[in-house]
S.K.: 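Sharing a structure with you now.
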Amino acid sequence: MAPNESAAAGRVLLREAAAEDAEPLTRLFLTSRAAAMPYLPKVHSDEDTLAWMTHVVLPGTTVWIAETGTGDVLGFASLDGTELEHLYLRPDVRRRGIGSLLLAKAREIAPDELTLYVFQRNTDARAFYERYGFTAVGFDDGSRNEEKEPDVRYRWTANG
């Protein structure tokens, strides 16, 4: 894999994350969740979230970052096998094709199948994934996640 890959939407670059990305990714994660899902309870401190990003997400999953040519982080996707664990964007860059680029990268990494969870109330994310062929395959009452927020399990397969 090349260290930088030009993406189709303007001057957006995709690159694999490194350990030093933990702090900017944590800031983006917290900002994005607060903007898109203000109803979620905050179950961890910012410091604990940084530790989780540093010691769990970055070393344990494949993380790709979308950034500008000057290095401003716009979004990221985290993939664990065929499970899309995270796809978050800076709130001010939504609906500009960046999420689509990150999802395309995830499909490149896992070309046959992807699965993910989305909170049921996150209707924008649900519409995004459904637009790209994901199908709801299960609904949960929230008992499986820390936020205790009902979610939906989605699945996409290359052969429909």
S.K.: Identify the two heavy atoms, one from Leu58 and one from Asp21, that lie closest to each other, and give their separation to 0.1 Å.
M.R.: CD1-C, 4.3 Å
S.K.: Do you know which two heavy atoms are closest between Asp151 and Gln120, and how far apart they sit?
M.R.: O-NE2, 3.2 Å
S.K.: Using side-chain heavy atoms (C-beta onward) and a distance below 4.5 Å, is Leu79 in contact with Thr61?
M.R.: no
S.K.: Are Phe119 and Leu114 in one and the same hydrophobic cluster, where Ile, Leu, Val, Met, Phe, Trp and Tyr link if side-chain heavy atoms are under 4.5 Å apart?
M.R.: no
S.K.: My understanding is that only residues two or more places apart in sequence, or in another chain, count here; which of them pass salt bridge (Lys or Arg N to Asp or Glu O under 4.0 Å) with Lys42?
M.R.: Asp46
S.K.: To the nearest 0.5 Å, tell me how far Glu67 CD sits from Leu74 CG.
M.R.: 8.0 Å
S.K.: Under the salt bridge (Lys or Arg N to Asp or Glu O under 4.0 Å) rule, collect the residues that match up with Arg107, sequence neighbours excluded.
M.R.: none
S.K.: Flag yes if Val12 and Tyr132 sit in one hydrophobic cluster, no otherwise; membership is Ile, Leu, Val, Met, Phe, Trp, Tyr, and two members link when side-chain heavy atoms are under 4.5 Å apart.
M.R.: yes
S.K.: Considering all heavy atoms of both residues, which atom of Pro111 and which atom of Glu108 are nearest to each other, and what is their separation?
M.R.: CD-O, 3.7 Å
S.K.: When rounded to the nearest 0.5 angstrom, what is the spacing between CG in Leu13 and CG in Asp72?
M.R.: 11.0 Å
S.K.: For the hydrophobic clusters of this structure (ILVMFWY residues joined by side-chain heavy atoms under 4.5 Å, transitively), does one cluster hold both Leu25 and Leu84?
M.R.: no
S.K.: Anything under 30° is parallel, anything over 60° is perpendicular, the rest tilted; go ahead and classify His86 against Trp52.
M.R.: perpendicular
S.K.: Can you sort out the partners of Pro41 under side chain to side chain contact (heavy atoms under 4.5 Å, CB included), two or more places apart, ordered by chain and number?
M.R.: Val43, Glu147
S.K.: In terms of ring plane angle, is the pair Tyr129 and Phe134 parallel, tilted or perpendicular, where the classes change at 30° and 60°?
M.R.: perpendicular
S.K.: Among residues at least two apart in sequence or on other chains, which ones pass salt bridge (Lys or Arg N to Asp or Glu O under 4.0 Å) with Arg95?
M.R.: Asp124
S.K.: Heavy atoms only: give me the nearest Tyr88-Ser32 pair and the separation to one decimal.
M.R.: CD2-OG, 3.4 Å
S.K.: Measure across Ala110 and Gly81 and return the closest heavy-atom pair with its distance rounded to 0.1 Å.
M.R.: CB-O, 3.9 Å
S.K.: Could you tell me the separation between the CZ atom of Arg155 and the CG atom of Leu116, rounded to the nearest 0.5 Å?
M.R.: 12.0 Å
S.K.: Grab the two heavy atoms, one from Ser45 and one from Asp48, that are nearest each other, plus how far apart they are.
M.R.: OG-N, 3.0 Å
S.K.: Would Glu83 and Thr115 count as having a side-chain donor-acceptor pair, cut-off 3.5 Å?
M.R.: yes
S.K.: A side-chain contact here means heavy atoms from C-beta on lying under 4.5 Å apart; do Leu28 and Arg90 qualify?
M.R.: yes
S.K.: A side-chain contact here means heavy atoms from C-beta on lying under 4.5 Å apart; do Trp156 and Leu103 qualify?
M.R.: no
S.K.: Give the cluster check for Val118 versus Leu40: same hydrophobic cluster or not, with ILVMFWY residues linked at side-chain heavy-atom distances below 4.5 Å.
M.R.: no
S.K.: Quick check: is Ile109 connected to Tyr154 through a chain of hydrophobic side chains (ILVMFWY, heavy atoms under 4.5 Å apart)?
M.R.: yes
S.K.: Does the side chain of Leu89 come within less than 4.5 Å of Leu102's, by heavy atoms?
M.R.: yes
S.K.: Please work out whether the ring planes of Phe76 and Phe29 are parallel, tilted or perpendicular, with thresholds of 30° and 60°.
M.R.: tilted
S.K.: Can you list every salt bridge (Lys or Arg N to Asp or Glu O under 4.0 Å) pair that touches residues 54-66, not counting sequence neighbours?
M.R.: none
S.K.: With rounding to the nearest 0.5 angstrom, report the NE2 to OG1 distance, His44 to Thr49.
M.R.: 6.5 Å
S.K.: What residues, two or more places apart in sequence or in another chain, satisfy salt bridge (Lys or Arg N to Asp or Glu O under 4.0 Å) together with Glu149?
M.R.: Arg121
S.K.: With side chains defined as the heavy atoms from C-beta onward, is the minimum distance between Val73 and Arg27 less than 4.5 Å?
M.R.: no
S.K.: Hey, could you give me the CG/CZ distance between Asn122 and Arg33, rounded to the nearest 0.5 Å?
M.R.: 9.5 Å
